[in-house]
Amino acid sequence: MSDFRCMIVDAEHSRIDPAAALEFVADPAFGGFAMFVGRVREQNQGRAVVGVSYDVFEQLALAGFDDIVRRAQEQFGPRLKIHLAHARGRLGVGDVAVVVAVGTPHRDEAFRACRQVIEAVKHRSPIWKQEHYQDGSSEWSEGCSLCETQARDDQPESRHDGHAHG
Amino acid sequence: MKVEVSLFGAFRDYEPGAAVTLEVPAGARVADLRSALAAHGRAHWPGFREGLLMRSAFASPTCVLGEQEPLPASGPVVVLPPVGGG
């Protein structure tokens with residue numbers, strides 16, 4: 001069985017399950033586990049949010065996920081398991097949008113790998129978020145330009161100063 | 001040659017079908033397609049934000065394309081506005 005599991009979960013048919021993510025990265029040889037769970041929050045920049053729609057270019061996103069987790073393995077492995085799942089479609093407040101779970105022998109690698117993976121997903125994956133507001137309007141969130149980040153893809157801990165991601 | 005451009009994110013608002021077909025010269029590069037899409041947007045998309053296109057990348061189904069790369073010989077090209085998952 002692979003040490004990595006990456007997926008896009010269509011909200012119309014299924015939900016991301018954080019417990020299943022932790023179970024996937026479990027291993028008798030591991031003592032350190034870290035997990036990031038991103039949920040839809042009820043407010044953004046002072047506006048009441050009632051939901052979010054995620055648009056995903058799935059083929060490229062999954063190829064990118066594979067690259068992201070393999071980079072994490074190169075940096076923090078070789079003993080490492082990662083589960084990465086991101087939602088597509090319409091979510092309500094409190095719904096899980098993304099989960100990264102990491103299992104490693106010790107806690108330091110787990111924390112660092114988890115952080116690296118979620119930052120890469122946010123900054124490099126072809127995923128777009130449209131927020132729906134209580135007043136009935138909707139807006140696409142500002143994000144990271146892949147034109148600007150492409151040159152930094154080879155730097156796993158590249159910084160994105162100036163961006164304000166949730 | 002004709003190039004099918006698939007649209008994601010904010011570009012979907014401009015085109016209900018989420019795709020446009022543009023004519024570009026044979027041997028065109030990504031930069032040429034960007035210019036063609038900008039011209040199309042100015043002509044056909046009310047409220048078109050050209051600045052958004054300037055911050056957008058282009059990709060094949062498997063990789064992000066550099067500005068000076070030739071367009072793929074076949075298959076769609078995808079325009080990727082600034083990303084923001086999570």
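Order of the sequence lines sets the chain letters (A, B, ...), proteins ahead of strands, with each chain counted from 1.
Contact annotation: the side chain of Trp128(A) approaches that of Pro81(B) to within less than 4.5 Å [non-hydrogen atoms, C-beta and beyond]. Within the 4.5 Å cutoff, the side chain of Arg12(B) has heavy atoms near those of the Asp55(A) side chain. Within the 4.5 Å cutoff, the side chain of Leu80(B) has heavy atoms near those of the Leu146(A) side chain. In this structure, the side chains of Gln59(A) and Thr62(B) come closer than 4.5 Å at one or more pairs of heavy atoms.
Taking every heavy atom of both residues into account, Pro126(A) and Val83(B) meet most closely at CA-CG1, 3.7 Å. Contact between Leu60(A) and Ala59(B) at its shortest, heavy atoms only, is CD2-CB, 3.8 Å. Contact detail for Ser145(A) and Pro82(B): the closest heavy-atom pair is N-CB, 3.9 Å.
To the nearest 0.5 angstrom, Asp13(B) atom CG is 10.5 Å from Glu139(A) atom CD.
Hydrophobic clustering of Ile, Leu, Val, Met, Phe, Trp and Tyr side chains at less than 4.5 Å, counting indirect connections, unites Val5(B) with Trp45(B). A continuous path of hydrophobic side-chain contacts links Leu22(B) to Leu71(B) [ILVMFWY only; heavy atoms under 4.5 Å]. Residues Leu62(A) and Ile118(A) share a hydrophobic cluster, clusters being chains of Ile/Leu/Val/Met/Phe/Trp/Tyr side chains in contact below 4.5 Å. Cluster annotation: Met7(A) is connected to Val99(A) through the hydrophobic network of ILVMFWY side chains, with a link wherever side-chain heavy atoms come within less than 4.5 Å. Hydrophobic clustering (side-chain heavy atoms under 4.5 Å, transitive across Ile, Leu, Val, Met, Phe, Trp, Tyr) groups Leu7(B) together with Val24(B).
More than 12 heavy atoms of other residues, nucleotides or ligands lie within 6.0 Å of CD in Gln43(A), so this atom counts as buried by the packing criterion. Around the CZ atom of Phe30(A), the shell of radius 6.0 Å holds more than 12 heavy atoms that belong to other residues, nucleotides or ligands. Within 6.0 Å of CZ on Arg107(A) lie no more than 12 heavy atoms contributed by other residues, nucleotides or ligands. Heavy atoms of other residues, nucleotides or ligands lying less than 6.0 angstrom from CD of Glu50(B) number more than 12.
The greatest number of non-hydrogen atom pairs below 4.5 Å with chain B, out of Ile127(A), Val52(A), Val98(A), is found for Ile127(A). Among Gly38(A), Ala87(A), Ser141(A), Ser125(A), the residue with the largest count of heavy-atom pairs under 4.5 Å with chain B is Ser125(A).
A donor-acceptor distance shorter than 3.5 angstrom exists from the side chain of His86(A) to the backbone of Gly86(B), with no hydrogens or angles considered.
Contacts between Ser6(B) and chain A at a heavy-atom distance below 4.5 Å are absent for every atom of the residue. Within the 4.5 angstrom heavy-atom criterion, only backbone atoms of Val56(A) (N, CA, C, O) approach chain B. Phe57(A) touches chain B through backbone and side chain together, each having a heavy atom under 4.5 Å away.
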